[in-house]
Amino acid sequence: MTRSAPLLLSAPAVALLGGFVLAPLVLLVRVSLCEPAAGRGFYTPDTFTLQNYARLFDPHHRSIVAFTVGFALAVAAVSLLVGYPLALFIRGRADRWQPLAVGLVLIPKTAGTLAAVFGLQRLLPRGLVSAALTEAYLIVPYAVLVLVVQLRAIDPTLTAAARGLGASRWQAFRRVTLPLSWPGVILAGELGLAWGIGAMAGPLFLGGPAEMTLAVEVQRQAFEYGRWPQAAADAVALAVLALLALAAARLRRSP
Amino acid sequence: MTRWPSALGWLVLLGLLAPVLHTAWVSFSPDSFLTPPTGEWSLRWYRKFAEDSRWSAAVGRSLFVAAMSAGVSVAAAVPAAYAVKRARWRGRGVLLVSLLLPAAIPPAALGMGVLPLLHRAGLWGHPLGLILVHATLGLPVAFLIVRTHLTDRLAELESAARGLGANRWQVAWRVSLPLLRPALAAAGVAVFVLSVNEAFVTLFLASPNTETVPAVSWPELRHSPTPVLAVASAVTAGLGAIGMVIGIRLFGRPAR
């Protein structure tokens, strides 16, 4: 490959990422620093204020942020607690059944988020627990996928050797399988945390008025109140929290 | 492993399908309550769904946007995967992280940023805006799928073809593309399904002219769910499930 080849090859993807990830994020920060609209429009261009960020620290927003973080921790924990045994189960199947098992796990998420949430809304009462379960339900497929990949990479002769040396089933799991699958647990956990922080479907469709996450607040500020600058500041906080969740787990992995 | 835990495991896997199956069941209800049919099943709400021009327009638009964004996403992901996997260069790490970034940013944050952007660019209310956004959201999954297929064996075959005198384009056209076809198809299906389901960025972007199925259904689900909505959910789930089956067939073993 010549020296300019990688640049040329990545140009289309870079254009998409620049145009629809980087540019929106830059504009998001800019709008969050604007005064709210006076009269028509959604914000007042070419103004500069920090008031939208100051408002992030009022009691209303503080409780939303605290709730969002707690909610995300619960969602990540639930999706790991459900996802890990499921991944172990799938890993234990014969090779020919594994695609079917993985397909079953993926269907609720990829085949119909709408159908899943519609069904959950009929089956569960509204409330905090239902909101968290719904969000975890949407994240579990990814957790399982990550963990299955990690578990498959473990040499099966290692557990057999541990058993042969006299370890009980539980000891073999505790001392061999679990430590070797730990990177997958961390990855699934940090993804669950980041997606839990962005939670919108669970709180919006199965939560009550008390289940207010930052993502729901962004949507409310933007469409119910038409306050784009405040919505943008909330969205910046949301993105920062999600990226912090990803970074935090990563830092702990390599001390 | 004994038989008991195995049966339990399969039961849990099937149990995860319960909410989706419940929705499909409700969609056959003869009355307007959101409960499953007790006596006879009816296609009443399916008829209503088919006759409502708002829904049929949304379905058409969803399929169009999904097909286009799948094409754009895969076309961008393939060369990017080559750049990450095959070449050693300085921007490699940054590119790798950036390609995965769309999956990590909360949809509400991205949607809130894309909203003013499309407003300014005059693309708000234009399907092109939605297509490009969905293509970007599909990059992580398309990239990951294609990357797993860029094996050492493929590299050997490519260099063998070069050694036998084929030029760059002939290698791409006669060797790489045919061998990568399952990966391209699987990636395309994955982005297609993602686009059909994508709701939370789309909520920020859909105007009455660009309403996709999720953009019509999510607000309805929040404020006044109807049996027609159950039909719409069942239809998207069906489309997605068909896509999944095709994808798994093409991709072979999805767990790797």
Side-chain angles (χ1 to χ4, degrees), chain A residues 1 5-6 9-10 12-14 16-17 19-21 23-25 27-28 31 86 89-90 92 98-99 101-108 110-123 148-149 152 194 197-198 200 204-205 215 218-219 222 228 231-232 235-236 238-239 242-243 246, chain B residues 1 9 12-14 16-17 19-20 22-24 26 34 75-77 79-80 82-83 86-87 89 95 98-99 101-102 104-110 112-114 116-117 132-133 135-136 139 193 197 199-200 203 214 217 221-222 225 229-230 233-234 236-237 240-241 244 248 253-256:
Chain A
M1 239 178 232
L9 287 170
S10 50
V14 168
L16 278 179
L17 292 168
F20 296 95
V21 176
L25 290 182
L27 193 57
L28 184 72
V31 171
L86 272 179
F89 168 73
I90 293 176
Q98 288 193 14
V102 171
L104 280 177
V105 171
L106 285 180
I107 280 179
T110 51
T113 321
L114 180 61
V117 175
F118 185 99
L120 286 167
Q121 211 186 40
R122 306 273 82 69
L123 294 168
V148 167
V149 171
R152 281 180 70 111
I197 281 171
M200 201 157 148
L204 205 55
F205 297 106
V218 169
Q219 190 266 145
W228 282 19
V236 169
L238 177 61
L243 295 179
L246 289 175
Chain B
M1 209 173 260
V12 171
L13 285 182
L14 289 174
L16 285 175
L17 287 177
V20 179
H22 186 79
T23 306
V26 169
L34 296 170
Y82 267 94
R86 292 286 174 75
W89 52 299
L95 179 63
S98 317
L99 281 166
L101 204 56
I105 298 174
L110 199 57
M112 194 55 226
V114 178
L117 181 80
L132 293 174
V133 170
T136 310
L139 274 182
V193 169
N197 274 304
F200 297 111
L203 270 185
S217 25
L221 182 60
R222 192 155 173 231
L229 187 57
S233 320
T236 21
M244 267 284 298
I248 288 181
R253 295 202 273 170
R256 306 195 50 163

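Numbered from 1 within each chain, the chains take letters A, B, ... in sequence-line order. Please read all numbers here as calculations on a predicted model, not as lab measurements.
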[X] versus [Y], closest heavy-atom pair with distance:
{"X": "A:Gly119", "Y": "B:Thr23", "answer": "N-OG1, 3.0 Å"}
{"X": "B:Ala135", "Y": "A:Leu16", "answer": "CB-CD1, 4.2 Å"}
{"X": "A:Pro6", "Y": "B:Ala83", "answer": "O-CB, 3.7 Å"}
{"X": "B:Ala237", "Y": "A:Ala115", "answer": "CB-CB, 3.9 Å"}
{"X": "A:Leu27", "Y": "B:Pro116", "answer": "CD2-C, 3.6 Å"}
{"X": "B:Leu117", "Y": "A:Pro24", "answer": "CD2-CG, 4.0 Å"}

So what's closer than 4.5 Å to chain B heavy atoms on [X]: side chain, backbone, both or neither?
{"X": "A:Phe118", "value": "both"}
{"X": "A:Leu238", "value": "both"}
{"X": "A:Val236", "value": "neither"}
{"X": "A:Leu86", "value": "side chain"}

Looking only at heavy atoms and a cut-off of under 4.5 Å, which of [options] has the most pairs with chain A?
{"options": "B:Ala199, B:Pro107, B:Ala108", "value": "B:Ala108"}
{"options": "B:Ala234, B:Ala76, B:Ala80", "value": "B:Ala76"}
{"options": "B:Ser98, B:Ala75, B:Ala24", "value": "B:Ser98"}

Would you sort out whether A:Val21 and B:Ile105 count as a side chain to side chain contact (heavy atoms under 4.5 Å, CB included), showing the intermediate values? CA-CA 9 Å; A:Val21 176; B:Ile105 298 174; 3.7 Å; yes
Quick one: of [options], who has the most non-hydrogen atom pairs under 4.5 Å with chain B?
{"options": "A:Val218, A:Leu123, A:Leu25", "result": "A:Leu123"}
{"options": "A:Ile197, A:Leu120, A:Leu28", "result": "A:Leu28"}
{"options": "A:Val31, A:Val105, A:Val117", "result": "A:Val117"}

Which atoms of B:Leu132 approach chain A - backbone, side chain, both or neither, heavy atom under 4.5 Å: both
Taking side chain as everything from C-beta outward and backbone as N, CA, C, O, which of these in B:Ala104 sits under 4.5 Å from a heavy atom of chain A? Side chain, backbone, both or neither. both
Distance (rounded to the nearest 0.5 Å) between [X] [atom1] and [Y] [atom2]:
{"X": "A:Leu204", "Y": "B:Leu203", "atom1": "CG", "atom2": "CG", "value": "8.5 Å"}
{"X": "B:Leu101", "Y": "A:Leu243", "atom1": "CG", "atom2": "CG", "value": "6.5 Å"}
{"X": "A:Phe20", "Y": "B:Leu110", "atom1": "CZ", "atom2": "CG", "value": "10.5 Å"}
{"X": "B:Leu16", "Y": "A:Leu104", "atom1": "CG", "atom2": "CG", "value": "8.5 Å"}

Just do the side chain to side chain contact (heavy atoms under 4.5 Å, CB included) check on B:Val12 and A:Phe89 with the steps written out, would you? CA-CA 10 Å; B:Val12 171; A:Phe89 168 73; over 6 Å; no
